[in-house]
Amino acid sequence: MLRTTMLAAARSSAVRRLVEANPLTRTVVDRFVAGSDTSAAIGVTGRLADKGLHVTLDHLGEDTTDARQANETVLAYQGLLSELRRAGLAHRAEVSVKLSAVGQQLAADGEKIALDNARRICESAAEAGTTVTLDMEDHTTTDTTLRTLSDLRVDFPWVGAVLQAYLHRTEQDCRDLANEGSRVRLCKGAYSEPASVAFQDKHEVDRSYVRCLRALMNGQGYPMVATHDPRMVRIASELAGSAGRAKESYEFQMLYGIRPGEQQRMAENGDRLRVYVPYGQEWYGYFMRRLAERPANIGFFLRSLLTR
Ligand SMILES: Cc1cc2nc3c(=O)[nH]c(=O)nc-3n(C[C@H](O)[C@H](O)[C@H](O)COP(=O)(O)OP(=O)(O)OC[C@H]3O[C@@H](n4cnc5c(N)ncnc54)[C@H](O)[C@@H]3O)c2cc1C
């Protein structure tokens with residue numbers, strides 16, 4: 001109930017104005033968002049890389065309905081990628097892209113515009129010597145995103161995608177994508193989805209996550225296990241072991257600001273751990289999804305507003 005309300009608020013412009021106008025929100029946002037510009041993002045990436053962590057950077061923004069804004073997002077990614085290269089960080093950091101930020105929702109030709117824009121980002125990533133992963137948004141975009149993935153992979157076979165275990169379809173999607181060279185980030189899923197397409201019960205989502213993990217670990221691709229759930233991390237390690245996988249043939253991923261001690265511990269233990277680092281000014285939707293995920297995050301947010 002709370003989660004559904006928070007996720008509805010994530011798409012409400014009235015709530016958005018209220019949350020953004022509160023000067024104290026920023027202190028809480030800073031826990032989850034690396035800063036508002038490229039230089040802040042590069043600074044955080046450098047610090048995480050020094051600790052032996054890998055990074056994927058997300059230039060915040062989504063649901064763009066303006067072609068000019070979509071183009072600016074592409075330029076921001078291109079600038080970021082050239083800075084990563086210049087700072088010698090491209091071997092440690094890649095980028096994550098939401099297709100809705102680069103035009104997927106535009107009324108005329110959205111899918112084609114997003115594909116062309118994503119291609120420009122992939123060209124810059126190739127020049128920098130790193131990779132791109134396509135984030136997954138709500139279920140109405142899954143087919144389009146997977147089509148775009150398949151088009152991009154013709155020229156850039158290293159482009160990865162996210163699959164969400166809460167969707168009924170995802171176990172089959174995992175099997176379809178578990179082939180040589182295919183990078184799949186498996187997460188539980190962060191949007192409010194109807195029962196017709198998604199498991200509603202947390203235990204059912206967890207069971208689906210394990211079935212999807214099994215398909216990915218037993219396949220030929222490169223699984224990226226995106227979860228903070230200690231049980232899922234343990235099961236992923238066991239499945240990787242029984243599939244005879246070397247540690248370099250898969251990785252774990254967690255969000256910036258969530259379980260940082262565990263991120264460090266896993267990296268020191270020899271696991272490849274990648275931190276998803278969002279940055280930029282459009283933090284509202286991302287921030288609200290983090291609050292929706294965990295009542296403790298809302299408590300943390302409210303406490304920090306009240307104790308100031
Ligand atoms: C790298 C990455 C990329 C992602 N990309 C996408 C995407 O493209 N599309 C999408 O829909 N979603 C994405 N997500 C979000 C994801 O779908 C989940 O909403 C989010 O990760 C929470 O699920 P969870 O697996 O961590 O487990 P949950 O079921 O939320 O939590 C399970 C357990 O994990 C531990 N835990 C969780 N959060 C915390 C915390 N803050 N502090 C301490 N312990 C905690 C607790 O033990 C908890 O009981 C991404 C997540 C990651 C990590």
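The CD atom of Gln105 sits 5.5 Å away from the CG atom of Asp63 when rounded to the nearest 0.5 Å. From Cys212, atom SG reaches atom CG of Leu177 across 11.0 Å, with rounding to the nearest 0.5 Å. One distance of note links CE of Met224 with CZ of Arg272; it measures 11.0 Å at 0.5 Å rounding. Atom CD in Gln78 sits 7.0 Å away from atom CD1 in Ile121 (nearest 0.5 Å). Between the OG1 atom of Thr144 and the CG atom of Leu99 there is a distance of 8.5 Å, given to the nearest 0.5 Å. Between the CD atom of Gln200 and the OH atom of Tyr166 there is a distance of 10.0 Å, given to the nearest 0.5 Å.
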Thr131 and Tyr222: CA distance, side-chain angles, deciding distance, side-chain contact (heavy atoms from CB on, under 4.5 Å) verdict | CA-CA 13 Å; Thr131 52; Tyr222 182 79; over 6 Å; no
Check against salt bridge (Lys or Arg N to Asp or Glu O under 4.0 Å), Arg147 and Asp151:
CA-CA 6 Å; Arg147 256 197 316 271; Asp151 286 346; over 6 Å; no
Start with the C-alpha gap between Val55 and Arg92, add the side-chain angles, then the distance that decides, and say whether side-chain contact (heavy atoms from CB on, under 4.5 Å) holds. CA-CA 6 Å; Val55 170; Arg92 281 270 167 185; 6.0 Å; no
Check: After noting the C-alpha distance and the side-chain angles of Thr64 and Gln69, does the key distance pass the side-chain hydrogen bond (donor to acceptor under 3.5 Å, both in side chains) rule?
Finding: CA-CA 7 Å; Thr64 302; Gln69 177 68 35; 5.3 Å; no
Candidate pair Thr141 and Ser100, rule side-chain contact (heavy atoms from CB on, under 4.5 Å), full reasoning: CA-CA 9 Å; Thr141 66; Ser100 80; over 6 Å; no
Check your understanding: Is there a side-chain contact (heavy atoms from CB on, under 4.5 Å) between Val132 and Phe156 once you walk through the steps?
Key -> CA-CA 9 Å; Val132 175; Phe156 310 103; over 6 Å; no
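In this structure the side chain of Arg31 never reaches within 4.5 angstrom of the side chain of Arg290, judged on heavy atoms. Side-chain contact between Asp229 and Lys188 is present, with heavy atoms from C-beta onward closer than 4.5 Å. Arg119 places a side-chain heavy atom less than 4.5 Å from the side chain of Leu152. Between Arg259 and Pro230, the closest side-chain pair of non-hydrogen atoms falls below 4.5 Å. Between Lys98 and Thr73 there is no side-chain heavy-atom pair separated by less than 4.5 Å. A heavy-atom distance below 4.5 Å is found between the side chains of Met266 and Val233. In this structure the side chain of Cys187 never reaches within 4.5 angstrom of the side chain of Gln253, judged on heavy atoms. Side-chain contact between Leu84 and Leu57: present, with at least one pair of heavy atoms (C-beta onward) separated by less than 4.5 Å.
In the model, Thr133 has a side-chain atom that pairs as donor or acceptor with a side-chain atom of Arg183 under 3.5 Å. Between the side chains of Thr145 and Gln104, at least one donor N or O lies within less than 3.5 Å of an accepting N or O. Counting only N and O atoms by type, the side chains of Glu83 and Thr38 include no donor and acceptor under 3.5 Å apart.
What you find for Thr4 and Ser192 is that their closest heavy atoms are CG2-OG, 4.0 Å. The shortest non-hydrogen separation linking Arg175 to Ala215 is NH1-CB, 4.0 Å. Closest approach of Val33 and Gly280 over heavy atoms only: CG1-O, 4.3 Å. Taking all atoms of both residues into account, the shortest heavy-atom contact from Asp37 to Ala40 is OD1-N, 3.0 Å. The nearest pair of heavy atoms linking Leu81 to Ala128 is O-CB, 3.7 Å. Smallest separation of non-hydrogen atoms from Ala114 and Gly103: CB-C, 4.0 Å.
In this structure a side-chain-to-backbone donor-acceptor pair under 3.5 Å is present from Tyr209 to Leu186. Remark: the backbone N or O of Glu238 is paired with a side-chain donor or acceptor of Ser242 at under 3.5 angstrom. Ser208 places a side-chain N or O within 3.5 Å of a backbone atom of Ala165 that can act as its donor or acceptor partner.
Classification of Arg265 and Glu262 as a salt-bridged pair holds, one side-chain N sitting under 4.0 Å from a carboxylate O. For Arg68 and Asp66, the salt-bridge test passes: some basic side-chain N is under 4.0 Å from an acidic carboxylate O. Here Asp116 pairs with Lys112 in a salt bridge; the nearest charged N to carboxylate O distance falls below 4.0 Å. The pair Glu251-Arg274 counts as a salt bridge, with a side-chain nitrogen and a carboxylate oxygen less than 4.0 angstrom apart. In this structure, Arg169 does not pair ionically with Glu193, as no charged nitrogen and carboxylate oxygen lie closer than 4.0 Å. Under the 4.0 Å criterion applied to side-chain N and carboxylate O atoms, Arg289 and Glu293 are not assigned as salt-bridge partners.
Note on residues 264-285: pairs passing ring-ring contact (aromatic ring centres under 6.0 Å, His included), not counting sequence neighbours, are His59-Tyr279, Trp283-Phe287.
At a threshold of 4.5 Å between side-chain heavy atoms, the hydrophobic network of Ile, Leu, Val, Met, Phe, Trp and Tyr places Tyr256 and Tyr286 in two separate groups. When the side chains of ILVMFWY residues are joined at heavy-atom separations under 4.5 Å, either directly or via intervening members, Leu60 and Ile258 end up in a single hydrophobic cluster. Connection of Leu216 to Leu273 is established within a shared hydrophobic cluster, with ILVMFWY side chains joined at heavy-atom distances below 4.5 Å, either directly or through further cluster members. In terms of hydrophobic clustering, with Ile, Leu, Val, Met, Phe, Trp and Tyr side chains grouped at heavy-atom distances under 4.5 Å, Ile235 and Tyr250 are assigned to a common cluster. Hydrophobic clustering (ILVMFWY, side-chain heavy atoms < 4.5 Å, transitive): Val162 and Trp158 are in one cluster.
Grouped with Ile113 in one hydrophobic cluster are Leu106, the linkage being side-chain heavy-atom contacts under 4.5 Å among Ile, Leu, Val, Met, Phe, Trp and Tyr residues.
Under a cut-off of 6.0 angstrom, the local environment of CZ in Arg231 is sparse, with at most 12 non-hydrogen atoms contributed by other residues, nucleotides or ligands.
Residue Val277 forms a side-chain contact (heavy atoms from CB on, under 4.5 Å) with just one option from Asp58, Leu255, Leu48, Thr56, and that option is Leu48.
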